[in-house]
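Contents: one structure, followed by commentary.
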Number of protein chains: 2
Amino acid sequence: MLNNSHYIDKLRSSGLRPTKQRIKICEILFNTEKTFHFTINDLVKKISKATNDKISLATVYNTVHAFKKKGYLKEIPINSDQSYFDTNTSHHHHFYDENQKDLIDIDDADVEPVKVNTRIPGKKIKSVEVLVKVEDA
Amino acid sequence: MLNNSHYIDKLRSSGLRPTKQRIKICEILFNTEKTFHFTINDLVKKISKATNDKISLATVYNTVHAFKKKGYLKEIPINSDQSYFDTNTSHHHHFYDENQKDLIDIDDADVEPVKVNTRIPGKKIKSVEVLVKVEDA
DNA sequence: TCAACAGTTTAGAACTATTATAATGTAGAA
DNA sequence: TTCTACATTATAATAGTTCTAAACTGTTGA
Ligand SMILES: [Mn+2]
Ligand SMILES: [Mn+2]
Ligand SMILES: [Zn+2]
Ligand SMILES: [Zn+2]
């Protein structure tokens, strides 16, 4: 709520102007104890609950993309009708509940490091992600 | 080309009527030495090269979904503007070239089995997939 | 053999997540 | 304060996918 100067600094130091829309979105995304996963639609709902000043859909998309580019958000590779984003930018993997359409973090300690013993010449690895799809037992 | 009776049997035995559209799509997808990845758009192009009788887009979607449901195709989890499918239904993982937007199989022997030491109560594992994103070095 | 029916194909409309546009507004520098 | 590049916004456009409902066809069994 109060300590927005932190977000203002963060935004400014990454070359993003600290507009009131971006600060509000920072509050919603990063003022939480726990990290979480969200879709653009989820975020729009959170925003409308959190404030009376509405933020346009275009700005929500712009901001999420800007934050992703700066490394403040990750996008989770999943086949879905919409993109999932993650406020947890540390290295970790996911369960995807196909019934509830819900992403769940897998603690990195619970996955043995993935060893890939082959490379593509001329390419460097950007990320290695495990997706465990689950369904009702 | 000739040996369509195999596909006819395959389709019939899985409860799908062997229509000429489905048989043609079987030929295109499964009459190859190597397995491959494709988007719906890729498949539409392959079809128009392979035949004069056009197959409607709706049928292409219907057929791919039906084949996926029967386990003849897999969908690859990826963030993209379109879905990727795989004629290789055996267990394996992927590189995704973000520059070329190309999927590349990783031989299963080149990846140590992924050990996930946690479960979700009431859920069973459907798949465990590794996606290695690569980019120009 | 062939009528009947359920399954299938089809063109086109509808849907929906996302991106583009271009006018208006604003943060920060000078 | 003034200027300008950056940002927001409403809205249109785009594009992949799904839906609709009419026409068509493979299969069954009388
Ligand atoms: Mn959710
Ligand atoms: Mn391709
Ligand atoms: Zn996560
Ligand atoms: Zn593959």
Side-chain angles (χ1 to χ4, degrees), chain A residues 4-5 7-26 28 37-48 51-70 72-73 75-85 101 103, chain B residues 4-5 7-26 28 37-48 51-70 72-73 75-85 101 103:
Chain A
N4 286 342
S5 62
Y7 297 129
I8 293 175
D9 293 346
K10 182 176 176 169
L11 288 166
R12 211 177 260 130
S13 72
S14 46
L16 298 171
R17 286 186 184 170
T19 63
K20 66 177 195 298
Q21 292 87 347
R22 284 172 177 164
I23 293 164
K24 175 56 70 181
I25 291 173
C26 277
I28 290 166
H37 308 107
F38 65 95
T39 65
I40 295 290
N41 192 43
D42 292 336
L43 181 53
V44 167
K45 284 185 204 156
K46 279 176 188 284
I47 292 167
S48 53
T51 181
N52 293 316
D53 318 314
K54 82 181 277 284
I55 298 178
S56 82
L57 183 60
T59 296
V60 178
Y61 273 99
N62 289 342
T63 302
V64 166
H65 289 153
F67 286 5
K68 181 191 168 188
K69 195 168 187 177
K70 295 297 178 183
Y72 304 146
L73 291 174
E75 190 168 2
I76 308 301
I78 237 183
N79 276 117
S80 169
D81 47 337
Q82 52 196 329
S83 288
Y84 280 79
F85 296 90
K101 308 227 178 281
L103 271 175
Chain B
N4 287 341
S5 62
Y7 297 129
I8 293 174
D9 292 346
K10 180 175 177 168
L11 288 166
R12 210 177 261 130
S13 71
S14 47
L16 298 171
R17 285 188 185 169
T19 64
K20 67 177 196 297
Q21 291 89 344
R22 285 173 175 161
I23 293 164
K24 175 56 70 182
I25 291 174
C26 277
I28 290 166
H37 308 107
F38 65 94
T39 64
I40 295 291
N41 192 42
D42 292 334
L43 181 53
V44 166
K45 284 185 204 153
K46 279 175 188 283
I47 292 167
S48 54
T51 181
N52 293 318
D53 319 313
K54 84 180 279 283
I55 298 178
S56 81
L57 184 59
T59 297
V60 178
Y61 274 99
N62 289 342
T63 303
V64 167
H65 289 154
F67 286 6
K68 181 191 168 189
K69 194 168 188 178
K70 295 298 177 185
Y72 304 146
L73 291 173
E75 190 169 1
I76 308 301
I78 229 180
N79 277 117
S80 170
D81 48 337
Q82 55 197 327
S83 288
Y84 279 80
F85 296 90
K101 308 229 179 279
L103 271 175

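All chains are named by letter (A, B, ...) in the order of the sequence lines, taking the proteins before the strands, and each is independently numbered beginning at 1. Since we're looking at a predicted model, the values are computed, not measured.
Distance, A:Lys45 NZ to C:dA17 C1': 14 Å, rounded to whole Å. At whole-Å resolution of the value, OH in A:Tyr84 and P in C:dT18 are 11 Å apart. Between A:Lys68 atom NZ and C:dT18 atom P the separation is 11 Å, expressed in whole Å. Distance, A:Asn62 CG to C:dA17 P: 18 Å, rounded to whole Å. The interatomic distance linking B:Glu75 (CD) with D:dG16 (P) rounds to 15 Å, in whole Å. Put simply, CD on B:Gln82 is 16 Å from C1' on D:dT18, counting in whole angstrom units. Whole-Å rounding puts the B:Tyr61 OH to C:dC15 C1' distance at 13 Å. In this entry the distance linking CG of A:Asp81 with P of C:dT18 reads 8 Å, nearest Å.
For A:Ser14 (side chain) and A:Lys10 (main-chain N/O), a donor-acceptor pair under 3.5 Å exists by modelled atom type. For A:Ser48 (side chain) and A:Lys45 (main-chain N/O), a donor-acceptor pair under 3.5 Å exists by modelled atom type.
With values rounded to the nearest 0.5 angstrom, B:Lys54 atom NZ is found 10.0 Å from B:Ile47 atom CD1. How far CG of B:Leu57 is from CG of B:Asn62: 9.5 Å, rounded to the nearest 0.5 Å.
Here the nucleotide nearest the side chain of B:Gln21, chosen from C:dT10, C:dT18, D:dT18, is C:dT10.
Seen from the ring of A:Phe38, A:Lys46 does not count as a face-on cation partner, given the 6.0 Å and 45° thresholds.
Contact annotation for A:Asn41: no contact, since no heavy-atom pair falls under 4.0 Å across all strands.
B:Val64 has its side chain out of reach of B:Tyr72: every pair of non-hydrogen atoms, C-beta onward, lies at least 4.5 Å apart. Side-chain contact between A:Phe85 and A:Ile40 is present, with heavy atoms from C-beta onward closer than 4.5 Å.
Near DNA chain D, defined here as any heavy-atom distance below 4.0 Å, the residues from residues 51-60 of chain A are A:Lys54, A:Ile55, A:Ser56, A:Ala58, A:Thr59, listed numerically.
When each of B:Val60, B:Ile55, B:Thr63 is checked for a side chain to side chain contact (heavy atoms under 4.5 Å, CB included) with B:Leu43, only B:Val60 meets the rule.
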Protein N or O to nucleotides 24-30 of chain C N or O, pairs below 3.5 Å:
from, atom 1, to, atom 2, distance (Å)
C:dA27, N3, A:Arg17, NH1, 3.4
C:dG28, OP1, A:Arg12, NE, 3.0
C:dG28, OP1, A:Arg12, NH2, 3.0
C:dG28, OP2, A:Arg12, NH2, 3.4

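For A:His65, a side-chain nitrogen or oxygen approaches OP1 or OP2 of C:dT19 to under 4.0 Å. Contact annotation: A:Ser83 reaches the phosphate of C:dT18 (side-chain N/O to OP1 or OP2, under 4.0 Å).
A:Thr39 and A:Asp42 are linked by a side-chain donor-acceptor pair at a separation below 3.5 angstrom, with hydrogens and angles left out of the test.
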